[in-house]
Chemist: 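Pasting a structure here, questions to come.
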Amino acid sequence: MAVKSYIDAVREAMDLALEKDNNVLIFGEDVGKNGGVFRATDGLQAKYGEDRVFNTPLAESGIGGLAIGLTTQDYRPIMEIQFFGFVFEVMDSIAGQMARNRYRFNGTRHMPIVVRSPYGGGTKTPEMHADNLEGMVAQIPGIRVVMPANPADAKGLLLSAVESNDPVVFLENIHLYRSMKGDVPQGYYTTPLDKAAVVHEGTDVSIISYGGGVPVALKAAEELDKNGISAEVLDLRTVSPLDIQAIGDTVTKTGRVVVVQEAQRIAGIGASIMSEISERFILSLKAPIGRIAAPDSVYPFGQAENDWMIKSDDVVAKVMEVVNYD
């Protein structure tokens, strides 16, 4: 084990993927010599050469088209969208091509593409740089959406995504890049896709979250422990498809649920989680499901970000409401 930051874990995963398979390529805006806007690919072009780690024009649609074409020649592209707010420029490639081509070609073609992109608030970025758009891509059949919440998962899940023959949208939380550090296993390892993880054991209430919401949920769970409330925190890790089994297990265990997402209430995947619980596990519930999400507004400018984003105090208050439901 070694203590690494979230961004270092991401970089190490790409380094190991390039080392293991000569067909892995990394490309995007400024990912070459500059190492990307967050330095996620820092040093990789110098190590593996410009043929394997290279810059593209500032055209997300071209990046997506290049990735699709490369798969026909047995390459495994890792394409970077510099900020996920720019995804609209490449949605046709993602939703109209990557997601459909295995079906379209009757299983004779694969789409082993990883679409890496940072998202989320907490760093007061300019407009279109912090949007939480996971709910939009999670509704596209044929696309897997992965959102790690800690360095160990960032590394293991990214390596699993590279190995997958299905397209994976891999979303990395900007705020966690350097604020989150943790123990990361050394060497090459994979963490299973489509599997949630209990990151804090509890018996009184389940807090279900993902991505940037998980540290908020964990902080709330620690505060609740001091008040005699045992909160279980489930980190979904993969948000499409959902790990229904893990969701059902925690709901059955505690009987009370609060869903936490960084995205606006209308966005994210919180509503999907709640509807799955209501449809499948309603008889296990002892109280209505609680939800914490950002307001239904356009993502605010930096000056208002601190007031707008979800906080652990909000989660604590909602858990108290659910636990005390009569």
Chemist: Are any of the side-chain nitrogens in R256 or E321 under 4.0 Å away from the carboxylate oxygens of its partner?
Modeler: no
Chemist: Between D194 and R144, does any NZ, NE, NH1 or NH2 come within less than 4.0 Å of an OD or OE carboxylate oxygen?
Modeler: yes
Chemist: Could you tell me if the side chain of T41 sits less than 4.5 Å from the side chain of Q45, heavy atoms only?
Modeler: no
Chemist: Should side-chain heavy atoms under 4.5 Å link Ile, Leu, Val, Met, Phe, Trp and Tyr, which residues sit in the same cluster as Y103?
Modeler: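 Grouped by the 4.5 Å side-chain rule, Y103 forms a cluster of one, so the answer is none.
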Chemist: With a cut-off of 6.0 Å (strictly less than), are more than 12 heavy atoms of other residues, nucleotides or ligands near CG of N324?
Modeler: yes
Chemist: If we only count heavy atoms from C-beta on, is the N101 to R109 side-chain gap below 4.5 Å?
Modeler: no
Chemist: Flag the pair V205 / I229 as yes when at least one side-chain heavy-atom distance between them is below 4.5 Å, and no otherwise.
Modeler: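 Of all side-chain heavy-atom pairs linking I229 with V205, at least one is under 4.5 Å.
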Chemist: Less than 4.0 angstrom from a charged side-chain N to a carboxylate O is my criterion; do D153 and R237 meet it?
Modeler: yes
Chemist: With no hydrogens and no angle check, do the side chains of K33 and N55 hold a donor and an acceptor under 3.5 Å apart?
Modeler: no
Chemist: Which residue pairs pass the ring-ring contact (aromatic ring centres under 6.0 Å, His included) test when at least one of the two sits in residues 203-239, sequence neighbours left out?
Modeler: none
Chemist: Assess, by modelled atom type and distance only, whether the side chains of T254 and S206 contain a donor and an acceptor separated by less than 3.5 Å.
Modeler: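 Short answer, yes.
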Chemist: Taking the side chain as C-beta and beyond, is there a heavy-atom pair between V315 and V216 under 4.5 Å?
Modeler: yes
Chemist: A side-chain contact here means heavy atoms from C-beta on lying under 4.5 Å apart; do L193 and S164 qualify?
Modeler: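 When only atoms from C-beta onward are counted, S164 and L193 do touch, with a gap below 4.5 Å.
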Chemist: Is F301 isolated, or which residues cluster with it under the ILVMFWY side-chain rule of less than 4.5 Å, directly or via members?
Modeler: none
Chemist: Would you mind telling me which of Q82, M79, M14 makes a side-chain contact (heavy atoms from CB on, under 4.5 Å) with R116?
Modeler: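 For R116, the side-chain contact (heavy atoms from CB on, under 4.5 Å) test succeeds with only one of Q82, M79, M14, which is M14.
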Chemist: Check the pair N306, K124 against side chain to side chain donor-acceptor pair (under 3.5 Å), reporting the backbone distance first and the verdict last.
Modeler: CA-CA 9 Å; N306 289 346; K124 294 181 170 58; 3.2 Å; yes
Chemist: Between D42 and R11, does any side-chain N to carboxylate O distance fall below 4.0 Å?
Modeler: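 Salt bridge absent between D42 and R11.
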Chemist: Going by salt bridge (Lys or Arg N to Asp or Glu O under 4.0 Å), name the residues that satisfy it together with E127, two or more places apart in sequence or in a different chain.
Modeler: none
Chemist: Does the side chain of R291 pick up a donor-acceptor pair with the side chain of Q261 at under 3.5 Å?
Modeler: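 Distance-only check fails for R291 and Q261.
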Chemist: Name all pairs fulfilling the ring-ring contact (aromatic ring centres under 6.0 Å, His included) condition that reach into residues 30-58, sequence neighbours left out, sorted by first residue then second.
Modeler: F27-F54, F38-F83, F38-Y177
Chemist: Test ring pair (Phe, Tyr, Trp, His ring centres under 6.0 Å) on H129 and F84; report intermediate values, then the result.
Modeler: CA-CA 7 Å; H129 289 63; F84 206 53; over 10 Å; no
Chemist: Suppose clustering is done on Ile, Leu, Val, Met, Phe, Trp and Tyr with side-chain heavy atoms closer than 4.5 Å. Which residues sit in the same group as V184?
Modeler: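 Hydrophobic cluster check, V184: joined to Y189.
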